[in-house]
Amino acid sequence: MKYDFKSIEQRSRKMWDDMELYKVENDSNKPKFYVLDMFPYPSGAGLHVGHPLGYIASDIFSRYKRMNGFNVLHPMGYDAFGLPAEEYALSTGIHPADSTRENMARYKDQLSSLGFSFDWTREIATCNPGYYKWTQWIFTQLFSHYYNKTSDSAQSIDSLVEIFQAKGNAEVDASSDQKEIFSADDWNAWDEVRQAEILMNYRLAYQKIGYVNWCEELGTVLANDQVKDGISERGGHPVVQKPMTQWYLRITAYADRLLYGLDNIDWSDSLKTIQTNWIGRSEGASIHFKIDGHDDSIEVFTTRPDTIFGATYMVLAPEHELVKKIKTEDQQEEVDHYVAYVKAKTEIERMAEKKVTGAFTGAYAIHPFNQTRIPIWIGEYVLKDYGTGAIMAVPSDDERDHAFATKFGLEIINVVDKTNYPGAGMHDKLGVMINSDFMNGMEVKDAITLTCQKVEEKGFGKAEVNYKLRDAGFSRQRYWGEPFPVYYDEKGIAKVLDKDQLPLELPATDDFKPGSGGKSPLSRLTDWVEMDNGYRRETDIMPAVAGSSWYYLRYMDPGNDEEFASQKAVSYWQDVDLYVGGSEHAVAHLMYARFWHKFLYDKGLVPTEEPFKKLINQGMIQGVIEFLFLDKKSANVKRFVSSELVNEENASDFAKIPVHIDFVSEYGSKDSYMDNNGLEQFLNWRPEYKDAIFESNNGIYPGNQDIRMTTWSEVGKMSKSKFNVINPEEIVGRYGADTFRMYEMFLGPIEQSKPWDTQGIEGVSKFIRRFWGLFFVNDKLSLVDEVPDKQELKILHQVIKKVSEDIEKFSFNTAVSALMIAVNELKKLNCRKKDILIPLLKLIAPFAPYTSEGLWKLSGNESSIHITDFPEYDESFLVQDSFEYPVCVNGKKRFIKSFPSDISKDEIENTVLDLDELQRWIDGKTIIKTIVVPKRMINIVVK
RNA sequence: GCGGGUGUGAUGAAAUUGGUAGACAUGCUAGACUUAGGAUCUAGUGCUUCACGGCGUGGGGGUUCGAGUCCCUCCACCCGCACCA
């Protein structure tokens with residue numbers, strides 16, 4: 001029987017569908033296990049060979065867990081809202097809803113062919129109203145809650161209003177932007193509009209005017225991580241800071257919990273570090289400095305309150321609100337000039353040139369401890385967004401302050417004596433305090449504690465914790481996303497829709513071009529915007545991260561129309577046991593999802609603090625990009641040269657033009673080249689080069705019939721724009737899905753990025769055919785009932801042990817190797833015994849589901865191999881009769897001696913020491929000791 | 001600059017956590033069979049030496065009977081953050 005993967009795949013898939021094999025119920029007497037993949041954005045390009053890497057790994061794990069008796073939830077869906085579909089729509093006129101639907105169907109098709117065990121009955125898409133009803137609902141809940149720092153949890157905004165009515169806000173310890181203290185009388189006297197404004201400062205979903213990353217070309221606001229060096233990540237358009245009223249989510253309220261939650265989850269160190277850095281917690285003190293001749297004071301944040309006696313001047317961010325107030329007439333011109341200078345600079349310029357710049361305001365602050373007058377400056381190195389946007393400058397202990405003071409001739413007072421700590425840097429919190437009044441002689445660490453105390457006692461500051469984490473903007477002026485479930489009443493007060501008014505469906509329209517000046521496309525749909533009762537709808541939409549922040553919960557109960565998921569389902573599935581996805585979501589998605597989860601936890605709607613217990617970041621499968629060198633100086637007649645003609649000296653004269661990999665011979669190897677045929681294809685593809693000449697060291701084309709243009713190869717992302725995409729369908733069509741799956745796993749550790757190499761797949765292909773061949777002789781099933789011998793049992797149990805352990809460790813490449821070794825050995829023994837091959841078949845089943853199912857059926861079994869038990873190993877078969885011990889003298893291997901496995905250490909020593917062979921190597925030297933490493937080696941130490 | 005990580009044959013990579021480095025696979029070399037193919041099988045393949053042997057895990061040093069693995073130091077590359085007070 002030949003290995004015909006096409007028919008096996010078809011038959012198996014039909015059987016699984018008929019049996020509903022992968023459908024899971026929300027209760028079971030089996031233990032639960034939730035394996036989740038990061039759901040894909042269904043882009044028009046379809047899948048390339050890199051995408052399924054994580055899905056294959058998670059599928060193997062799911063199948064393994066299922067065969068080990070777990071009730072496994074392993075779902076799939078689509079992150080279907082977002083900018084690319086809209087961009088595509090703008091360039092083609094195809095509605096995002098249509099292109100998204102088509103893309104999703106294509107993805108499902110491609111995914112199904114790879115043999116994944118997804119429960120497709122739980123499929124979701126974030127753009128379906130039945131789904132985003134609950135995205136909107138969670139938003140309304142965030143809107144109607146605030147964060148109570150005393151109870152460390154979200155509380156309803158109604159309970160906050162009650163407190164305001166009774167006592168004002170003096171006793172409220174909440175995460176908020178509310179600075180002013182008010183009494184109950186104040187509150188009760190205010191009108192509705194004023195009260196609504198105050199409440200906005202507390203809500204977890206709130207509006208404020210903020211500087212946003214505005215991209216005119218894309219017509220939208222971008223998140224910080226969508227902007228790189230002042231250029232939009234998508235499209236590469238310039239991005240400017242623009243003030244706009246935006247929705248924000250108060251993620252900063254959860255900063256501490258997001259940070260400490262990392263301690264209890266099984267994520268990689270690098271990922272935890274990224275999140276830790278992003279949250280950027282720093283402990284210090286906030287201190288108020290009075291301004292000479294003004295009522296206002298400047299609040300600064302510092303991690304080094306101990307150095308306060310070294311504070312010889314202050315610096316405000318140029319955008320700081322006090323700058324206008326305090327600048328003196330003398331300095332007005334200089335200050336205005338400097339502020340204008342800073343504003344005129346783009347982000348890129350500001351980052352590129354790190355010049356020391358600043359201006360004196362003319363005003364002075366009063367040092368809170370010794371009452372000296374210290375000058376107040378402004379400087380761009382102080383950022384408006386971090387801390388309070390103002391610093392006390394300590395030039396003796398901060399490099400930037402030092403540079404500033406040196407440039408502008410400001411006083412420097414040394415306050416930390418570091419002579420006891422040679423090698424300590426300026427920033428290290430080490431040394432002994434000097435010139436610091438009550439702190440003199442103290443160690444820095446103690447001085448920090450003491451200053452915080454003193455500052456609090458005297459009432460001009462307090463110990464404080466500061467975070468880098470910002471409340472990120474949640475508004476987008478776009479079409480293809482969730483509409484906010486928000487309207488404005490006749491007074492302009494923002495209100496949210498009730499649950500029974502949801503979903504607020506995205507209105508259908510073909511007019512989805514972004515508006516100018518930050519107006520959303522929805523704002524043009526006046527019928528929709530203006531409600532019957534005269535109220536107006538919010539016209540912004542939510543960012544793509546909204547729908548993906550809670551989707552893992554929806555899979556638990558995807559059809560539910562009453563709740564985002566029933567409490568029964570949520571308490572059964574609890575949380576995600578294993579989450580597999582790319583590290584590109586290290587910050588945005590994983591941070592938001594954890595934030596939403598914690599909020600839902602506060603509301604008692606989910607049973608765990610953290611959504612994702614264990615997370616694996618799969619690496620990328622890269623492609624090789626092939627380039628031709630184009631002479632930059634060639635104008636009318638374009639001139640390409642072969643890569644051997646380019647060297648270090650002339651490299652700058654050439655531009656690298658990526659060519660389609662289909663035109664390249666020996667693609668991906670060091671000797672990749674284009675021949676006449678390839679060049680002709682290239683010219684058809686790129687008619688703008690039809691008159692070009694191609695120069696190689698074996699001649700010139702046109703003219704030469706055997707031209708060999710060597711191409712330049714680089715490893716990089718597989719992408720449409722680099723013309724190096726390798727399609728999984730191609731590989732699956734040629735080798736079968738199981739070979740494809742196993743090869744992706746065999747390629748290397750799952751976390752690592754590596755280039756795709758189609759040639760290497762042959763090895764796995766051979767392995768599967770060889771394994772198949774073990775079951776057949778002359779096309780006839782050749783399984784026999786004979787009792788396996790010791791050697792065969794050992795091979796079997798060894799591989800079961802290794803593969804089980806490797807799957808648990810997520811080390812699939814070594815598991816596949818172990819399977820290959822086992823099959824090779826059994827092949828050598830010509831083993832056809834049922835009791836060996838059937839367990840081996842089960843062992844291979846998670847990796848090669850189609851092939852194993854096919855062989856299972858052909859071997860006369862009923863039902864599916866995937867609902868059988870995973871084989872267990874028996875340690876007793878692994879015990880060896882004898883061991884080959886390398887005998888070493890002073891660590892150098894000299895000869896090999898065989899001993900029975902149950903021999904004692906002493907017996908080995910005695911036997912070895914008597915050996916004639918040994919005498920030759922010792923040769924008169926004294927034996928100092930003998931080291932016997934059980935089952936490993938014997939080392940004789942001599943002198 | 002700070003933080004995290006990586007460095008092993010021609011290539012992708014293993015190495016039971018301090019114990020025979022290079023498993024497994026690709027590639028390459030030779031051979032067998034052949035209905036000549038991108039099939040199958042066999043042998044070889046770190047460097048060096050005719051050989052015994054010697055040398056080899058980015059460089060240098062250390063601990064140890066023994067180091068890819070531990071310590072110190074330097075170098076290279078990748079990722080993240082980047083005037084974070």
Side-chain angles (χ1 to χ4, degrees), chain A residues 225 268-278 280-282 284 300-305 307 311 315 317 350-351 354-356 379-383 385-394 397-401 403-404 425 427 466-469 583-584 586-587 617 619 668-670 734 743 746-749 751-767 769-770 773 801-802 805 811 813-824 827 884-894 896 927-943:
Chain A
D225 52 285
S268 73
D269 286 343
S270 72
L271 211 98
K272 284 186 181 181
T273 317
I274 292 172
Q275 290 221 339
T276 304
N277 291 345
W278 192 260
R281 184 183 203 271
S282 54
V300 301
F301 174 76
T302 177
T303 55
R304 295 296 303 276
T307 62
V315 187
R350 240 171 137 165
M351 282 184 211
K354 289 193 176 171
K355 276 196 298 188
V356 178
E380 62 178 324
Y381 82 98
V382 175
L383 308 171
D385 285 331
Y386 185 73
T388 58
I391 60 158
M392 63 174 207
V394 184
D397 281 272
D398 182 286
E399 272 132 37
R400 294 151 304 165
D401 294 346
F404 195 85
H427 258 104
N466 203 18
Y467 300 94
K468 270 199 276 187
L469 184 71
S583 56
E584 66 271 23
V587 185
N617 279 130
S669 76
K670 263 192 230 142
R734 207 156 100 199
Y743 181 53
F746 182 69
L747 224 41
E751 294 94 339
Q752 230 161 81
S753 291
K754 54 244 153 184
W756 176 263
D757 167 26
T758 301
Q759 215 160 34
I761 202 169
E762 287 294 343
V764 178
S765 175
K766 271 184 215 164
F767 157 74
R769 290 195 309 259
R770 211 173 286 160
K801 182 177 186 197
K802 176 81 175 141
E805 285 172 356
S811 175
N813 54 331
T814 52
V816 175
S817 297
L819 290 169
M820 288 180 172
I821 295 168
V823 167
N824 284 349
K827 178 105 190 176
E884 307 251 290
Y885 282 80
V887 179
C888 307
V889 175
N890 280 353
K892 293 246 188 276
K893 190 178 83 177
R894 293 307 176 185
I896 289 172
I927 293 172
I928 294 176
K929 59 179 166 177
T930 311
I931 297 157
V932 177
V933 183
K935 294 175 189 177
R936 209 146 302 285
M937 54 112 58
I938 300 156
N939 191 21
I940 317 283
V941 185
V942 299
K943 221 173 193 172

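The model shown is predicted, which means the values in this text are computed figures rather than measured ones. Just so it is clear, the values below take in all heavy atoms, side chains as well, and ignore hydrogens, waters and symmetry mates. Letters A, B, ... mirror the listed sequences (proteins, then strands); counts begin at 1.
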At 4.0 Å (heavy atoms only), tell me whether Asn466(A) reaches a base, stays on the sugar-phosphate, or touches nothing. nothing
So what does Pro755(A) hit on the nucleic acid, given a heavy-atom distance under 4.0 Å: a base, only sugar-phosphate, or nothing? nothing
Atom CZ of Phe746(A) to atom C1' of rC24(B): distance rounded to whole Å? 5 Å
Taking only the C1' atom of each, what is the distance from rC79(B) to rC52(B) in whole angstrom? 50 Å
For atom P, what is the distance between rC24(B) and rC41(B), given to the nearest Å? 15 Å
Measure CG/Asn813(A) against C1'/rU11(B) and give the value in whole Å, please. 15 Å
Distance, P atom - from rU63(B) to rC28(B), rounded to whole angstrom: 46 Å
Between rU8(B) and rG1(B), how far apart are the two P atoms, rounded to whole Å? 24 Å
Comparing Leu747(A) with Arg734(A), nearest RNA chain B nucleotide closer to 5' gives the residue Leu747(A)
Which is it for rU17(B), anti or syn, if anything within 90° of zero counts as syn? syn
Between Lys827(A) and Asn824(A), just flag the one whose closest nucleotide in RNA chain B comes earlier from the 5' side. Asn824(A)
Quantified in whole Å, what is the C1' atom distance between nucleotide rG66(B) and nucleotide rG3(B)? 35 Å
For Asn617(A) and Leu271(A) the tightest heavy-atom approach is OD1-CD1, 2.8 Å
Have a look at Gln752(A) and say if it touches a base, only the backbone sugar-phosphate, or nothing, with a 4.0 Å heavy-atom cut-off. sugar-phosphate
I want to verify the glycosidic state of rG9(B); is it syn or anti under the 90° rule? syn
Tabulate protein N/O versus nucleotide N/O from nucleotides 26-29 of chain B, keeping only pairs under 3.5 Å, one per line.
| from | atom 1 | to | atom 2 | distance (Å) |
| --- | --- | --- | --- | --- |
| rU26(B) | OP1 | Lys766(A) | NZ | 3.0 |

Close N or O pairs between protein and nucleotides 1-4 of chain B (under 3.5 Å):
none

Heavy-atom pair with the smallest gap, counting every atom of Pro886(A) and Arg936(A): CD-O, 3.0 Å
Take the protein atom CE of Met937(A) and the nucleotide atom C1' of rG18(B), then report the distance between them rounded to whole Å. 11 Å
Suppose we call a contact any N or O donor and acceptor under 3.5 Å apart; does that hold for the side chain of Arg936(A) and the base of rU16(B)? yes
Pairwise distance CG(Asn813(A)) to NZ(Lys754(A)) - rounded to 0.5 angstrom: 7.5 Å
